[in-house]
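Data first, discussion second: the structure below is written as C-alpha cells.
It should be emphasised that the depicted structure is a prediction, and the values quoted were computed from it without experimental measurement. Chain letters run A, B, ... following the sequence lines, proteins first and then strands; every chain starts at 1.
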2 protein chains.
Amino acid sequence: MGVIRKTKAVEVLLKEFNTNSVAISAKALIEQLGDTFNKTTIYRVLDKLEDDGILHSFLGKEGLKWYAKCNGCTSTEHNDVHPHFQCLSCGRVDCLTFTVPLPKIPNRKIEVTQLLIQGKCEECFV
Amino acid sequence: MGVIRKTKAVEVLLKEFNTNSVAISAKALIEQLGDTFNKTTIYRVLDKLEDDGILHSFLGKEGLKWYAKCNGCTSTEHNDVHPHFQCLSCGRVDCLTFTVPLPKIPNRKIEVTQLLIQGKCEECFV
DNA sequence: AATATAACGCAACCTTGTTGCATTAACAAA
DNA sequence: TTTGTTAATGCAACAAGGTTGCGTTATATT
C-alpha cells in the first residue's frame, strides 16, 4: 500500500488539494479533469491517496464522496475525524478544526463518527 | 401534501416501521418487499411519509438512504435532528436520543446537522 | 537500453434512485 | 352500490455515481 509511482494524475490531483484548502468531491474532480484523465483513473488515485493517509474522505449531501487533505494521518490509521461543513448556498465544503465531544454510550463501542454540518458559509452568510 | 389514501403499500410500510424500532434502508425494504410492491412505489411512499412528518431520512454508510419513525414532526418541519448509530458488525442502524451540543461557528449559520456514529451495537459488543 | 509491473484508458457494467405514462384502485358523492 | 374523480401503482426506460476486466502505456529499477 503506497503511492509508488509519481504519475501525471497523482501530481495533478495532489496539486488540486494543495492549492485549494477546501474539500473537493470526486464528481467535481471528474468534471474538472475528466478531459485530461479518465474517471476510472481519478477514482483509483483518490482511493490510493486515501489508503496512504494523504487524503481522507467523507460523504456530503446526497451521498457524494468528498475528499480533503489529511493532517497527520498514516496509511494505517486515519485519525483526523473532524466535522465537515457544507454550504447550502454555494455548495462549498470544508473541514472544521474543532472536535465534538460525544457522550459515552453504554455497551456500545464508537469507532467512527461522521458529522456533517450544513448551513451558510462565511461568504454566503449575510 | 398528505397521505390521502390508505393503500396496501402505505399500510405494509408503516407496519414495518412500527414493529421494528430501528431504522430501515430503502434498499432493505425493496429487497424485502420488492416482490409485493414495485420499487418505484416503495420509494414514492417513503418520500411521502417523510413529507408528512411520519418518517425522517438520513444517509448511512456508503450513501444509502435510511428511514426511521419521527417523533413529533409535522409536515412543515422535521425537528428531531438526532444522531444515528450504525453497527459495523451487523449493519443495524438506530436513532440515538441525545442531542449533541455544537460550538457556535462565527459567521456561519447552521441549518442542519447529520451525525452518524459507527461502531459496535449492544448486541455485537462483547 | 531492457524489463517488470504499476498505472492507465476504454468499454461495459453495477447499484441506487428517478421519470413518464398508461393502468388500477381508493374514496367520496350520488 | 354504482359511478366518477384522481391519487397511487407498475412497468420500462433512464440517470448518475461509481466499479471491474482487460489490453496497453509508462514509470522506475537493473
DNA chain C-proximal residues of residues 23-36 of chain A, any heavy atom under 4.0 Å: A/Thr36
Nearest whole angstrom, please: distance from the [atom2] of [N] to the [atom1] of [X].
X       : N      : atom1 : atom2 : answer
A/Lys61 : D/dG17 : NZ    : C1'   : 16 Å
B/Glu11 : D/dT9  : CD    : P     : 12 Å
A/Phe37 : C/dA7  : CZ    : P     : 14 Å

Mind checking what makes side-chain hydrogen bond (donor to acceptor under 3.5 Å, both in side chains) contact with [X], not counting sequence neighbours?
X       : value
A/Asp47 : none
A/Thr40 : A/Asn38
B/Glu31 : none

Under the side chain to side chain contact (heavy atoms under 4.5 Å, CB included) test, residues paired with [X] that sit two or more places apart:
X       : value
B/Gln32 : B/Glu16
B/Ile30 : B/Lys39, B/Ile42, B/Tyr43
A/Thr36 : none

Shorter than 3.5 Å, N or O on both sides, protein versus nucleotides 19-24 of chain D: list them out with atom names.
residue : atom : partner : partner atom : Å
D/dT20  : O4   : A/Thr40 : OG1          : 3.3

Using the C1' atoms of five pairs at each end, what's the angle between the two axes of the helix from C/dA1-D/dT30 to C/dA30-D/dT1, to 10 degrees? 30°
Can you find a heavy atom in the side chain of A/His84 that is under 4.5 Å from one in the side chain of B/Gln114? no
Can you pull the salt bridge (Lys or Arg N to Asp or Glu O under 4.0 Å) pairs that have at least one residue in residues 53-63 of chain A, sequence neighbours excluded? none
Which nucleotide in the list C/dC8, D/dT9, C/dA6 gets nearest to the side chain of A/Thr41? C/dC8
Would you say B/Val22 and B/Phe125 are hydrophobically clustered, going by side-chain heavy atoms of ILVMFWY under 4.5 Å? no
If two hydrophobic side chains count as joined below 4.5 Å and joins carry through other members, does B/Leu116 share a cluster with B/Phe85? no
Which nucleotides of nucleotides 22-30 of chain C have their base under 4.0 Å from a protein heavy atom (B), which only their sugar-phosphate (S), and which neither (-), written as one string 5' to 3'? ---BBS---
Could you state the interatomic distance from OG1 (A/Thr113) to CD (B/Gln118), rounded to the nearest 0.5 Å? 9.0 Å
List, one per line, each side-chain donor-acceptor pair under 3.5 Å for residues 92-99 of chain A, sequence neighbours excluded.
residue : atom : partner  : partner atom : Å
A/Arg92 : NE   : A/Asp94  : OD2          : 3.2
A/Arg92 : NH2  : A/Asp94  : OD2          : 3.1
A/Asp94 : OD1  : B/Arg108 : NH1          : 3.2

Quick check on DNA chain C: between B/Leu59 and A/Ile42, whose nearest nucleotide comes earlier from the 5' end? A/Ile42
Would you mind checking if B/Glu50 and B/Lys48 are paired as a salt bridge, meaning a charged N to carboxylate O distance below 4.0 Å? no
